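Quick caveat, the model's predicted, so the values are computed rather than measured. Heavy atoms only: backbone and side chains are in, while hydrogens, waters and symmetry mates are out.
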Amino acid sequence: SGFSSCTDIIADSIFRANPELQKVYMNGCCLLTDLTLHGVARYLPKIREISFRGCYLLTDEIFCSIAPLPLNVMNFAICLNISNRGIEQFCRAWPNGNKYLQIADFTNSIKVTEISEVLIRSTCPNLVRFNNIVNSL
């Protein structure tokens, strides 16, 4: 976390070399794009927790990659380009429900509204926390 010069290529190399990773925290790595999440999905089949807080370039397209992953925790706080549309894609990938997800954090992701909370809660019966509070940045 906090390595502001981290790029998709660097992250991809880390993931490829460490396929047993179960937790990835890349908070504040503001150069990362959706390609990084494609790498997570490709190289880290045992991943359980991801945190990309403050990764401003991520978009709704990440949910196409991460939807099949058995994530317990996902943190996309202060990811300004993530919206209800992406969360809807994530939920649609689980027509029989997602028993894995327990924590979803979208704090200060200003395009994520209560609609997303309703969708995730209806899809993820084991969800214990959903954050989408918008504070003045």
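In the model, Thr123 has no side-chain atom that pairs as donor or acceptor with a side-chain atom of Asn98 under 3.5 Å.
Of all non-hydrogen atoms in Ser5 and Ile10, the two that sit nearest each other are O-CD1, 4.1 Å. Scanning both residues, Pro19 and Pro45, for their nearest heavy atoms gives O-CD, 3.9 Å. Scanning both residues, Cys55 and Met26, for their nearest heavy atoms gives SG-O, 3.3 Å. Tyr100 approaches Asn72 most closely through the heavy-atom pair O-ND2, 3.2 Å.
Here the straight-line distance linking atom CG of Leu69 with atom CD of Glu49 works out to 13.5 Å at 0.5 Å rounding. Note: Thr107 OG1 to Ile78 CD1 = 8.0 Å, rounded to the nearest 0.5 Å. For the atom pair Ile110 CD1 and Cys79 SG, the distance stands at 11.5 Å (nearest 0.5 Å). Ile9 contributes atom CD1, which lies 11.5 Å from atom CG of Leu31 (distance to the nearest 0.5 angstrom). We find the CZ-SG distance between Arg121 and Cys91 to be 12.0 Å, quoted to the nearest 0.5 Å. Between Met74 atom CE and Ser51 atom OG the span is 12.0 Å, to the nearest 0.5 Å.
Counting only heavy atoms from C-beta outward, the side chains of Leu32 and Thr7 never approach each other to under 4.5 Å. Side-chain contact check for Ile103 versus Val128: some heavy-atom pair is nearer than 4.5 Å. No side-chain heavy atom of Ser109 sits under 4.5 Å from any side-chain heavy atom of Asn132. At a threshold of 4.5 Å between non-hydrogen side-chain atoms, the residues Lys46 and Glu20 count as touching. Residues Asp12 and Arg42 form a side-chain contact, since some pair of their non-hydrogen atoms from C-beta on lies under 4.5 Å apart. Leu71 places a side-chain heavy atom less than 4.5 Å from the side chain of Ile47. In this structure the side chain of Phe63 reaches within 4.5 angstrom of the side chain of Ile87, judged on heavy atoms. Leu37 is listed as a side-chain neighbour of Ile50, based on a closest heavy-atom distance under 4.5 Å.
Atom CZ of Arg92 is surrounded by 12 or fewer heavy atoms from other residues, nucleotides or ligands within 6.0 Å. Summarising the local packing, OH of Tyr43 is surrounded by more than 12 heavy atoms from other residues, nucleotides or ligands at distances under 6.0 Å.
For Phe52 and Tyr25, the distance between ring centers is not under 6.0 angstrom.
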Original post:
What do the steps show when you test Asn84 against Ser116 for side chain to side chain donor-acceptor pair (under 3.5 Å), and what is the final call?
Top reply: CA-CA 5 Å; Asn84 292 340; Ser116 290; 2.4 Å; yes
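Put simply, Leu44 and Ile14 are part of the same group of oily side chains (I, L, V, M, F, W, Y) that touch within less than 4.5 Å, one to the next. Trp94 and Ile82 fall within a single hydrophobic cluster, where Ile, Leu, Val, Met, Phe, Trp and Tyr side chains are chained together by heavy-atom contacts under 4.5 Å. The hydrophobic clustering, which links ILVMFWY residues whose side-chain heavy atoms are closer than 4.5 Å, places Val73 and Phe15 apart. Tracing side-chain contacts under 4.5 Å through hydrophobic residues (I, L, V, M, F, W, Y), one never reaches Ile66 starting from Leu35; they form parts of separate clusters.
Using a 4.0 Å cut-off between charged nitrogen and carboxylate oxygen, Arg85 and Glu61 count as a salt-bridge pair. A salt bridge does not link Asp60 with Lys111: none of the charged nitrogens is closer than 4.0 Å to a carboxylate oxygen.
Using cut-offs of 30° and 60° on the angle between ring planes, the pair Phe130 and Phe106 is tilted.
Listed for the Asn108 side chain is no donor-acceptor partner under 3.5 Å among the backbone atoms of Ala77. In this structure a side-chain-to-backbone donor-acceptor pair under 3.5 Å is missing from Asn126 to Gln102.
Residues satisfying the salt bridge (charged side-chain N to carboxylate O under 4.0 Å, His left out) test with Lys99, not counting sequence neighbours, are none.
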